[in-house]
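Quick note on labels: first sequence line is chain A, next is B, and so on, each numbered from 1.
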Amino acid sequence: MRIENIITGAVSRFFHERSLPEPDQSLIQLQKTRKEFKGNITLVVFPLVRLIKKSPPETAEELGTYLKKLPEIKDFNVVKGFLNLEVESSYWTRFIQEYAFNPDYGTQSRAVPAETVLVEYSSPNTNKPLHLGHIRNNLLGYSISRILEANGKSVKKVNLVNDRGIHICKTMLAWEKWGDNKTPAETGVKGDHFVGDMYVKFENAYRKEIEGLVSKGVPEDQARREAPLIREAQTMLKKWEEGDEQVNALWKMMNSWVYAGFDVTYEKLGVSFDKIYYESETYHTGKSIVEEGVKKSVLIRKDDGSVWADLTHRGLDEKLLLRSDGTSVYITQDLGTAVLRQKDYDADKMFYVVGNEQDYHFKVLSLILDELGYEWAGSLQHISYGMVELPSGKMKSREGKVVDADNLIDEMIDTAGTLSSELGKLEGLTEKEKKNIINIIGMGALKYFILKVDPQKNMIFNPEESIDFNGNTGPFIQYTHARVCSLLKKSELHGIKPGNADISDVSLSPKEVRVAALLHEFPAVLEEAGRNCSPALIANLIYELAREYNQFYHDHPVIKESNIALRDFRLLLTMLTGNVIKKGMGLLGIDVPERM
RNA sequence: GGUUCCGUAGCUCAGCUGGAUAGAGCAACAGCCUUCUAAGCUGUGGGUCCCAGGUUCGAAUCCUGGCGGAAUCACCA
């Protein structure tokens with residue numbers, strides 16, 4: 001039994017035996033003992049004093065005396081209303097022994113039948129390459145999927161590609177006008193960047209047209225609407241919706257370039273999907289759902305032909321679902337996608353990893369689904385995350401103020417390579433092995449940097465200062481793992497096989513206990529990370545573990561320890577630390593090398 | 001203007017459903033490699049937890065009101 005449960009149970013018994021009112025579970029508050037005090041687990045007695053009607057120190061003293069009778073409790077001390085408990089070394093050694101050889105320690109095996117959850121993430125537009133903001137989205141989506149799996153869910157990762165609309169037509173038009181019939185293959189430019197360049201060309205030319213009109217005295221918003229280029233793009237969009245063959249062929253060709261580019265970036269990021277949905281396919285479903293809603297009088301068609309959902313009785317406004325010309329808007333497609341997915345997977349929950357700029361959108365989306373009578377409308381959950389900002393403020397693609405995903409990835413790997421050779425860490429390895437490890441380190445630095453931040457918060461990325469490789473970073477944790485591996489390999493060379501000696505009697509140093517206690521926390525943190533959809537919780541725990549382990553490593557010999565039982569315990573502690581680092585980092589989508 | 005989110009060290013961030021003297025990393029300075037990987041370890045300095053009230057034995061945490069920042073409220077996506 002876990003120590004928390006042992007203590008909680010004993011506290012209840014304490015009250016029961018004295019015929020006092022038994023405390024509610026929420027009143028028995030356990031927390032980690034702060035470093036400056038002796039002990040491992042602290043019982044906060046303030047909430048209990050009312051039941052026992054004694055002062056906090058008296059209560060703590062009496063409880064301490066009682067709990068000390070437990071075989072798991074070695075000693076206690078009281079500081080004001082805090083009862084600090086020292087857990088017996090044997091509890092920790094038994095715990096370490098039980099899990100040291102289990103690489104899946106902490107994870108839940110999948111229940112039967114497992115709850116099926118859908119996680120949508122990535123959701124790119126096909127008119128420009130991915131940037132730093134998308135990286136956060138992809139890393140969060142992938143990691144959350146892994147975390148939910150580790151909590152026993154059956155997870156389906158899905159992507160929704162925004163492959164239609166006016167912005168796509170802009171790139172097509174630009175290519176027709178200024179693309180010289182070139183392809184990415186001919187120019188050697190990655191497909192998504194190639195198409196993104198076309199988008200920029202369009203926007204620049206369009207802006208010049210607007211400026212020209214404004215200088216002739218046309219009001220700006222009118223100029224925006226009437227510039228010849230935007231007119232042409234709109235004509236093209238209409239042709240596309242009508243199924244014009246030539247436009248369709250161009251659309252398919254340019255999208256295929258983009259997808260080839262995305263695939264490379266996804267591969268580098270190490271993310272993947274079980275299914276990809278395309279808005280060009282799902283918006284039909286969206287439209288017919290809306291038409292049905294009109295028939296059922298859940299939705300309103302106004303005189304000009306536009307269709308609306310009236311959400312005023314829900315405290316929101318009216319929301320447009322179809323334009324007066326019958327074309328669909330963004331939310332229409334999302335309605336269709338949701339219905340299709342529910343049909344495909346019959347999921348218990350549908351998560352959407354989408355930036356917090358769309359908080360309102362998702363509130364409206366599930367309300368409308370509810371209005372339309374889908375009983376699963378409540379199963380949609382928006383996993384909202386904050387924006388990535390530059391020191392100068394928000395990224396703005398129009399001003400070229402973006403951090404390109406591919407560039408950033410390459411730079412991180414370059415830096416990892418330079419650092420590795422400066423430190424002379426990878427000598428004696430083949431080029432292929434070196435490349436692999438450098439790749440793991442560079443990506444680890446990038447991924448950890450982003451995932452360690454609470455998803456809900458906006459975060460700032462400074463390209464000048466770039467990403468560290470020391471301190472609270474991915475490479476620091478990876479390094480700790482490499483150390484662990486090196487140690488275990490050496491012990492094997494010495495013919496040491498831990499697990500045979502009786503380690504139940506070894507007494508542990510405070511540092512050893514602290515490492516063990518962090519390992520002990522892992523399952524609960526994983527569970528909480530799943531509940532909150534927060535990879536950051538795991539990142540924080542793994543970092544703390546690596547830090548404590550490095551301190552332990554610094555002042556405790558392991559292989560060289562002459563006391564066999566103690567040596568074996570330290571090796572088992574090392575093994576479990578390695579397992580948890582590897583498992584935890586894996587949940588963040590980060591690989592750990594065996595040497596670096 | 002309405003709504004939502006955020007505000008903690010010079011910088012980037014932790015701080016769980018209220019608990020002890022608010023913690024890490026970076027940056028700065030000073031130490032530790034003949035010994036299991038120095039991408040490590042140790043030490044020093046650095047704080048009005050935006051402000052003001054309230055609830056409580058106890059508030060960075062909860063409530064109210066300000067201030068500051070961001071997002072959103074489109075026949076954009």
Side-chain angles (χ1 to χ4, degrees), chain A residues 26 29 31 33-37 42 44-47 49-50 56 79-82 84 123 125 127 162 165-167 279 304-308 315-317 319-325 327-331 333-334 355-361 363-364 384 386-387 389 391 393-394 416 419-420 422-423 425 441 445 449 452-454 456-462 465 467-480 482-491 494 524-525 528 532 534 536-537 539-540 543-544 546-547 550-551 553-561 570 574 595-596:
Chain A
S26 65
Q29 293 180 13
Q31 58 185 260
T33 304
R34 296 178 66 102
K35 264 188 195 159
E36 57 267 38
F37 303 106
T42 294
V44 185
V45 303
F46 293 105
V49 300
R50 235 173 315 154
V79 181
K80 291 190 269 183
F82 298 90
N84 301 320
S123 318
N125 289 350
N127 65 328
N162 187 330
I166 190 74
H167 51 291
E279 289 193 351
D304 63 359
S306 60
V307 177
W308 298 74
L316 300 175
D317 281 329
K319 178 77 185 173
L320 176 88
L321 299 180
L322 289 177
R323 296 190 185 98
S324 49
D325 64 1
T327 58
S328 67
V329 294
Y330 184 53
I331 198 158
Q333 306 160 28
D334 260 340
N356 61 13
E357 54 198 351
Q358 294 193 29
D359 285 355
Y360 182 76
H361 173 79
K363 202 184 279 179
V364 169
S384 168
M387 301 288 98
E389 289 172 14
K394 218 192 153 184
L419 226 52
S420 288
E422 270 172 19
L423 296 169
K425 289 284 188 180
I441 297 170
F449 181 85
K452 74 172 173 181
V453 180
D454 179 354
Q456 200 182 19
K457 290 191 177 173
N458 286 358
M459 60 179 292
I460 293 176
F461 175 82
N462 189 335
E465 291 177 12
I467 295 173
D468 282 316
F469 286 70
N470 301 315
N472 186 356
T473 67
F476 169 81
I477 297 166
Q478 291 172 321
Y479 174 74
T480 310
R483 264 185 161 175
V484 163
C485 289
S486 163
L487 203 49
L488 294 175
K489 211 178 293 165
K490 283 229 162 87
S491 82
H494 287 74
V525 171
E528 199 189 347
N532 298 348
S534 175
L537 298 178
N540 288 333
Y543 168 65
E544 234 182 300
R547 205 160 47 92
N550 276 319
Q551 290 170 21
Y553 179 93
H554 184 261
D555 34 49
H556 297 72
V558 179
I559 297 171
K560 290 174 186 162
E561 172 58 47
R570 288 179 181 165
T574 299
R595 61 171 284 187
M596 66 184 272

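- Across all strands, A:Y553 comes closer than 4.0 Å to base atoms (heavy-atom distances).
- In this structure, A:F46 packs face-to-face on the six-membered ring of B:G19, meeting both the 5.5 Å centre cutoff and the 30° plane limit.
- Among the protein residues, A:M459 comes within range of the sugar-phosphate backbone only, with heavy atoms under 4.0 Å from sugar or phosphate atoms but none that close to a base.
- In this structure, A:K457 places its NZ atom 18 Å from P of B:A71, rounding to the nearest Å.
- Between the side chain of A:R323 and the main chain of A:S306, no donor-acceptor pair closer than 3.5 Å is present.
- Minimum heavy-atom separation, A:N458 to A:M387: OD1-N, 2.9 Å.
- Using P as the reference atom, B:C50 and B:C11 are 13 Å apart when rounded to the nearest Å.
- A close approach under 4.0 Å does occur between a side-chain nitrogen or oxygen of A:K490 and OP1 or OP2 of B:U37.
- Residue-level contact check: A:Q478 touches neither bases nor backbone, having no heavy atom under 4.0 Å from any strand.
- A:T42 places none of its side-chain heavy atoms less than 4.5 Å from the side chain of A:F37.
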Dump the intermediate steps for side-chain hydrogen bond (donor to acceptor under 3.5 Å, both in side chains) on A:R483 and A:N550, then the final yes or no. CA-CA 9 Å; A:R483 264 185 161 175; A:N550 276 319; 2.7 Å; yes

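- Straight-line distance from the OH atom of A:Y330 to the P atom of B:A77: 10 Å, rounded to whole Å.
- Listed pair A:K363 / B:U72 fails the phosphate criterion, with no side-chain N or O lying under 4.0 Å from OP1 or OP2.
- At a threshold of 4.0 angstrom between heavy atoms, the contacts of A:T42 include nucleobase atoms, whether or not backbone atoms are also involved.
- Residue A:N125 is classed as a sugar-phosphate contact, given heavy-atom separations below 4.0 Å to backbone atoms only.
- Counting distance only, with no hydrogens placed and no angle test, the side-chain atoms of A:S486 and the base atoms of B:C36 include no donor-acceptor pair under 3.5 Å.
- Only the P atoms considered, B:G2 is 47 Å distant from B:G45, to the nearest whole Å.
- OP1 and OP2 of B:C41 both lie 4.0 Å or more from every side-chain N or O belonging to A:R547.
- Taking only side-chain nitrogens and oxygens, A:R323 comes nearer than 4.0 Å to OP1 or OP2 of B:C76.
- What separates CD of A:Q456 from P of B:G7 is a distance of 9 Å, to the nearest Å.
- Contacts of A:P47 with the nucleic acid, taken as non-hydrogen atoms under 4.0 Å apart, include base atoms.
- Among the protein residues, A:H556 comes within range of the nucleic acid bases, having at least one heavy atom under 4.0 Å from a base atom.
- Stacking of the aromatic ring of A:F82 onto the base of B:A20 is found: the ring centres lie under 5.5 Å apart and the planes are inclined by under 30°.
- Within 4.0 Å (heavy atoms only), A:L316 reaches no atom of the nucleic acid at all.
- Between the side chain of A:N84 and the base of B:A20 there is at least one donor-acceptor pair of N/O atoms closer than 3.5 Å.
- Among the atoms of the strands shown, base atoms are found under 4.0 Å from some heavy atom of A:L487.
- Both A:R483 and A:H554 lie close to RNA chain B; mapped to their nearest nucleotides by heavy-atom distance, the more 5′-ward contact belongs to A:R483.
- Put simply, CG on A:D359 is 7 Å from C1' on B:C5, counting in whole angstrom units.
- A:V44 comes within 4.0 angstrom of a base, heavy atoms only.
- Nucleotide B:U44 is matched to B:A28 when pairs are restricted to Watson-Crick or G-U wobble geometry with both distances under 3.5 angstrom.
- In this structure, the CZ atom of A:F461 is 15 Å from the C1' atom of B:C13, given to the nearest Å.
- Using a 4.0 Å heavy-atom cutoff across all strands shown, A:S420 reaches at least one base atom of the nucleic acid.
- Distance A:F37 CZ to B:U21 P: 8 Å, rounded to the nearest Å.
- Here A:V329 lies in heavy-atom contact (under 4.0 Å) with sugar-phosphate atoms only.
- Nucleotides B:G18 and B:G25, compared at atom C1', are 27 Å apart to the nearest Å.
- In this structure, B:C29 shows a glycosidic angle more than 90 degrees from zero, which is the anti conformation.
- Side chains of A:R547 and A:N472: a donor-acceptor N/O pair is absent below 3.5 angstrom, by distance only.
- Side-chain polar atoms of A:T473 and A:D468 form no donor-acceptor pair below 3.5 angstrom.
- Spacing between atom CG of A:N470 and atom P of B:A28 amounts to 12 Å, rounded to whole angstrom units.
- Across all strands shown, B:A74 remains unpaired; no Watson-Crick or G-U wobble contact has both distances below 3.5 Å.
- Atom CZ in A:F476 sits roughly 12 Å away from atom C1' in B:A38 (whole-Å rounding).
- Residue contacts shown for A:D454 are limited to sugar-phosphate atoms, with no base heavy atom under 4.0 Å away.
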